[in-house]
Each structure stands twice: as structure tokens, then as C-alpha cells.
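Chain naming here is simple, since letters A, B, ... match the order of the sequence lines and numbering starts at 1 in each.
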Amino acid sequence: MVIFIKDWGFCACCWSTKGLWALTLPEATEKGALQALKQMRKAPVHNDTYGGIEKIANLEKEKILVQWLEQYLYKGKRMDFPLELDWSGFPSFYYTTLMKVSKIEEGKTKTYGEIAEQLGNPKAVRAVGGALRKNPYPLLIPCHRVLACQGLGGFTGADKRIELKRRLLELEGINVGSSI
DNA sequence: CCGGCAAACGAAA
DNA sequence: TTTCGTTTGCCGG
């Protein structure tokens, strides 16, 4: 479904086979968000299949997701997410990586290197990046709190979405210089 | 089935 | 500025 968040813009939220995807480009129009939603339902952004989860988007979950997002993005309150997340079939390295990431407290950040170190594999920095790239639950698993040692790192691949990472960090009171 | 390569990185040459 | 290291998925043979 599509919601409008003040000072943020239209936001398409979809609970798909791959988990969650929420498109929160600030400049998205309602029409654009609807279009994106349609796309997401048809072909989820995360296009690797993990587990045999059914393909139908779950509207009930979507509602819960929307409420959560409104609390977080609009009111700045980050609640525990009330639904269980499905990790079946997800590669174990990715899973353990994302678990580490999920333990980063609100308002704090880590680097890809630090995560790799915590995994007992300090050189696997790039692999950590790979795991975050596959994060089926962006926003819920706070991968925006993982930065590169110099600069911001990436966020879901697409160009403009790095802007979302920046905004999420600002929302949590983390000062990201304009240069990085 | 295998080899090579790319990807949200980072250190060292 | 190039190379290498880690893990995974993808594509070509």
C-alpha cells in the first residue's frame, strides 16, 4: 500500500516473498509510488529466492508494516517490530551477519570492517557488504547503521536510495557530513 | 558441473 | 591506483 509521510513523501510498502520492501524516496509522487508498489508485488526487488515462501503479498502484514513505518519515519519512534521474520533458506553467513547488524543500537553506527571482525573474519569486509545487500528486511534490520570506513557505503544498490540512508541516519540523530 | 566474475569494503603495495 | 581477500549467486562452457 501507499502512504504519505509528512516531510518525507509518498512511500510504497510491500510485504513480499522476500520479506519487506519499502520504497521511501522523498521525491516520489503518489503515482510513482503506486507504480512502484505494483512492480514490487509482481517482481520483488530482492530477486534471489530463498525458501519456498508463498508468492502472495500479505496485506495484513503490510498494514502492520505501514503502522510501524509511520511511527518510525513520521514520529521518530522506533518500536520493536511485532512480526516474526522468516529466514528460511537464507545463507548462514548472511544470517549471522544480519544478526550482528540488528544488534547495533539506535543512534549508533558501525563499519563494515567492525562487523567482519565481530564475525571472526576481519578480512571478510566485502562479504559483509554482500550480506547487507541481500538484507530482506531493510529498515527493520538497521543496515543503514553500517557505514564504510571512509564515507557512507551503499544502500540497496539504486542511485537515489543512498539519500534514504542519509535521512535515516539523520532521523536517529547521527551526523553525516554532507561530503560523505 | 566447473571456472570466472561481480558486489553496499578495506588494507597494502 | 591496482590487487587481494571473503562469501554467494550468476553466467558461460
Query raised in the report: Out of dT7(C), dG10(B), dG9(C), which has the shortest distance to the side chain of Pro91(A)?
Result: dG9(C)
Query raised in the report: Which nucleotide sits closest to the side chain of Cys149(A): dT7(C), dA11(B), dA8(B)?
Result: dA11(B)
Query raised in the report: Is Glu172(A) salt-bridged to Lys108(A), cutoff N-O under 4.0 Å?
Result: no
Query raised in the report: Taking only Watson-Crick and G-U wobble pairs with both distances under 3.5 Å, what dot-bracket line describes DNA chain C, where [ ] shows pairs that cross earlier ones and | shows pairs with another strand?
Result: |||||.|||||||
Query raised in the report: Which whole-number value in Å describes the distance from Arg133(A) CZ to dA6(B) C1'?
Result: 8 Å
Requested in this report: Would you indicate which nucleotide in dA8(B), dT8(C), dT6(C) comes nearest to any side-chain atom of Phe155(A)?
Outcome: dA8(B)
Pick out the pairs of N or O atoms, protein on one side and nucleotides 1-3 of chain C on the other, that lie under 3.5 Å.
none

Query raised in the report: Distance check: side-chain N/O of Asn135(A) vs OP1/OP2 of dA8(B), anything under 4.0 Å?
Result: no
**Report entry** DNA chain C contacts made by residues 103-119 of chain A, counting heavy atoms under 4.0 Å
**Finding:** none
Requested in this report: Assign the ring pair Tyr137(A) / Trp87(A) to parallel, tilted or perpendicular, where the plane angle (0 to 90°) is split at 30° and 60°.
Outcome: perpendicular
Query raised in the report: In whole Å, what is the span from the CG atom of Leu132(A) to the P atom of dG10(B)?
Result: 11 Å
Query raised in the report: What's the CZ-C1' distance between Arg126(A) and dG9(C), to the nearest Å?
Result: 13 Å
Query - Close side-chain approach of Pro142(A) and Arg78(A), heavy atoms under 4.5 Å - result: yes
Query raised in the report: Rounded to whole angstroms, how far apart are OH on Tyr95(A) and C1' on dT8(C)?
Result: 19 Å
Query raised in the report: When all nucleic acid strands are considered with a 4.0 Å heavy-atom cut-off, which category describes Ala124(A): base, sugar-phosphate, or nothing?
Result: sugar-phosphate
Query - Whole-Å gap separating P (dT6(C)) and NZ (Lys123(A)) - result: 6 Å
Query raised in the report: What's the CZ-C1' distance between Phe90(A) and dT8(C), to the nearest Å?
Result: 10 Å
Query raised in the report: If you check the Ala127(A) side chain, which of dA8(B), dT6(C), dC9(B) turns out closest?
Result: dT6(C)
Requested in this report: Indicate yes or no for a side-chain donor-acceptor contact from Glu114(A) to the backbone of Thr111(A) under 3.5 Å, with no hydrogens or angles considered.
Outcome: yes
Report summary line: Between CG of Leu152(A) and C1' of dG10(B) the distance, given in whole Å, is 16 Å
Query - Check ion pair Glu163(A)-Arg166(A) (N to O, under 4.0 angstrom) - result: yes
Requested in this report: Between dA8(B) and dC11(C), how far apart are the P atoms? Round to whole Å, please.
Outcome: 16 Å
Query raised in the report: Could you give the CD-to-P distance, from Gln150(A) to dA12(B), as a whole number of Å?
Result: 13 Å
